[in-house]
There are 2 protein chains.
Amino acid sequence: MSIGIFDSGIGGLTVFREIAREFPLTDIYYFGDTARVPYGNKSRETVIRYSTEAANYLKGFGIEALIIACNTASSYAGELLKSQMDIPVIGVIEPGVEMALRYTENGKVGVIGTQATVRSNAYRKLLEKSGIQVFQKPCPLFVPLVEEGMVEGEIPRLVVKQYLQELVDSGIDTLILGCTHYPLLKDTIKQLYPHLKIVDSSQAIADFLHREGLRFTGEGKRRIFITDESESFEKFKKMLVGNIPLEKVELSEICTL
Amino acid sequence: MSIGIFDSGIGGLTVFREIAREFPLTDIYYFGDTARVPYGNKSRETVIRYSTEAANYLKGFGIEALIIACNTASSYAGELLKSQMDIPVIGVIEPGVEMALRYTENGKVGVIGTQATVRSNAYRKLLEKSGIQVFQKPCPLFVPLVEEGMVEGEIPRLVVKQYLQELVDSGIDTLILGCTHYPLLKDTIKQLYPHLKIVDSSQAIADFLHREGLRFTGEGKRRIFITDESESFEKFKKMLVGNIPLEKVELSEICTL
């Protein structure tokens with residue numbers, strides 16, 4: 001029994017880690033499209049094409065559920081993949097929204113993410129259906145900050161403030177981290193704004209799988225595929241999920257899908 | 001008579017602007033691989049493949065010289081393209097090194113760029129041939145800062161200091177901006193370190209073309225091709241080179257090259 005997790009690059013490893021913890025017996029296949037990362041600054045059409053290729057690659061392993069651990073891909077390609085694949089497809093949007101609805105008391109929720117995620121309005125649309133007032137803000141510097149390992153100290157504090165102060169001033173009580181890299185800035189955000197309830201996609205997805213009653217058993221296999229080698233991936237993988245070897249996927253294979 | 005300029009994305013527009021200014025009659029074709037930007041975090045093999053595709057695309061317009069306005073591509077693919085193409089191929093490395101040799105008085109030169117550019121040691125090797133002592137530092141946050149328009153104020157000042165202080169402490173008198181985005185941070189760098197002589201690739205290339213005696217005449221045509229639409233490209237294009245329309249290149253075309 002197995003799950004596939006797909007991300008544009010590194011960030012989805014925060015989801016990998018959480019799923020691996022919560023479902024120790026499940027076989028987990030991770031696909032990081034490191035040769036074409038990031039997706040956040042690319043067009044809808046391109047993100048859909050890349051996401052379809054990744055989903056098809058993982059399907060080759062007989063996965064029984066697909067997690068799109070990338071907000072941009074979930075926003076742009078989530079609905080399409082759900083309609084095209086014959087297994088459950090879980091994006092990061094619904095689980096995050098569900099958790100935010102449980103957290104918020106004043107009905108004001110902030111959403112941060114890449115340009116593409118914010119522009120897609122995927123979180124906003126779903127939250128507004130439940131009568132929530134939504135305040136959005138793209139934070140393009142957060143991903144490079146995290147990949148530089150600058151998650152504590154003066155620079156991340158100033159950058160977090162630069163992006164989040166206006167959301168906080170709008171009176172939000174809950175903040176959705178709409179990008180899988182952002183949980184690594186959670187401590188800095190909490191220090192600056194201790195009253196905020198923070199929705200972390202990786203926990204939201206694990207919660208969602210439990211609540212949906214999905215049960216997976218297997219041999220606890222873990223395999224990580226990437227489309228290009230990169231130092232930051234290697235660094236993050238080690239930090240988050242330890243010594244699972246990386247397996248390089250040739251791009252030509254993907255191009256022919 | 002025409003020149004092709006190729007970059008992984010936006011940054012090469014600083015070169016486009018300078019060449020357009022210095023050679024007003026030359027036809028200029030720009031190719032920005034915005035669907036796969038950035039190259040700086042990708043492997044040598046992948047960067048070579050992408051660069052070859054871009055060079056072949058521009059060759060289709062009968063260009064008589066090719067400028068690789070991307071440090072990562074120049075470092076990884078420059079030599080190969082020079083040997084494969086039957087027109088002059090000019091990377092950013094040699095012009096930058098030439099200018100640094102003219103500037104430095106104490107023989108200590110700093111080089112900043114992406115991870116890939118620094119790791120390639122392309123600048124270092126060439127500078128050391130002339131007996132220069134080289135101090136390198138990758139600055140992965142500079143590109144996203146520039147693309148966010150954060151080129152002045154407290155955050156860029158702190159980030160510039162975080163990266164450059166150790167180079168300055170080593171006693172360099174000249175700094176090569178080994179990435180075409182970096183000229184937009186030149187003012188902040190100058191404010192912090194007014195004694196540094198700064199080598200800007202775009203000026204170095206225009207200088208180099210003049211010194212090599214290359215003369216181009218034509219109709220002053222300017223065409224800009226991109227592989228994916230993006231807001232930051234549109235924004236930068238307007239800021240740097242005005243209202244030249246963008247022409248979208250289908251990726252499938254490129255894949256088949």
Side-chain angles (χ1 to χ4, degrees), chain A residues 8-10 33-47 49-50 53 114-116 118-119 138-150 153-163 226-235 246 248-252 254-257, chain B residues 8-10 33-47 49-50 53 114-116 118-119 138-150 153-163 226-236 248-252 254-257:
Chain A
S8 57
I10 288 170
D33 192 7
T34 44
R36 305 189 289 198
V37 72
Y39 287 1
N41 56 354
K42 297 187 173 79
S43 69
R44 166 184 288 273
E45 183 193 18
T46 298
V47 170
R49 191 159 61 82
Y50 290 175
E53 288 170 358
T114 63
Q115 287 285 4
V118 168
R119 214 182 312 126
C139 306
L141 271 178
F142 280 7
V143 168
L145 267 184
V146 167
E147 299 202 350
E148 267 292 83
M150 288 193 203
E154 190 61 7
I155 292 173
R157 219 166 12 246
L158 279 171
V159 175
V160 165
K161 245 186 135 171
Q162 166 100 2
Y163 285 126
I226 49 170
T227 53
D228 193 24
E229 281 148 71
S230 86
E231 254 172 55
S232 41
F233 197 95
E234 188 69 57
K235 205 169 64 189
L246 295 178
K248 173 101 182 276
V249 176
E250 284 306 317
L251 276 174
S252 53
I254 298 196
C255 275
T256 59
L257 285 174
Chain B
S8 57
I10 288 169
D33 193 6
T34 45
R36 304 188 289 198
V37 73
Y39 288 3
N41 56 353
K42 298 185 172 80
S43 69
R44 166 183 287 271
E45 183 193 18
T46 298
V47 171
R49 191 161 59 83
Y50 290 175
E53 289 170 357
T114 62
Q115 287 284 6
V118 167
R119 213 181 315 127
C139 306
L141 271 178
F142 280 7
V143 168
L145 266 185
V146 167
E147 299 204 350
E148 267 293 84
M150 288 191 203
E154 190 60 7
I155 292 174
R157 219 166 11 247
L158 280 171
V159 175
V160 164
K161 244 185 133 173
Q162 166 100 1
Y163 285 126
I226 48 171
T227 52
D228 193 23
E229 280 146 70
S230 86
E231 252 172 56
S232 43
F233 196 96
E234 188 69 57
K235 205 168 64 189
F236 265 78
K248 172 102 183 277
V249 176
E250 284 307 318
L251 276 174
S252 52
I254 298 195
C255 275
T256 60
L257 283 174

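These figures come from a predicted structure and were not determined experimentally. Within every chain, numbering begins at 1; the chains are lettered A, B, ... in the order of the sequence lines, protein sequences first and strands thereafter.
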For the atom pair CZ (B/Arg44) and CG (A/Asp228), what is the distance rounded to the nearest 0.5 Å? 13.0 Å
Measure across A/Pro144 and B/Leu141 and return the closest heavy-atom pair with its distance rounded to 0.1 Å. CB-CD2, 3.6 Å
Contact class of B/Ser43 relative to chain A, heavy atoms under 4.5 angstrom: both
Identify which part of B/Val143 has an atom lying under 4.5 Å from any heavy atom of chain A, answering side chain, backbone, both or neither. neither
Could you tell me which non-hydrogen atom of B/Lys42 sits nearest to which non-hydrogen atom of A/Thr34, and how far apart they are? CE-O, 3.7 Å
Part of B/Glu148 within contact of chain A (heavy atom distance under 4.5 Å): side chain
Below 4.5 Å, heavy-atom pairs only: which of B/Gln115, B/Gln162, B/Glu147 has the largest tally toward chain A? B/Gln162
With a 4.0 Å cut-off on N to O distance, would you call B/Glu45 and A/Lys248 a salt bridge? yes
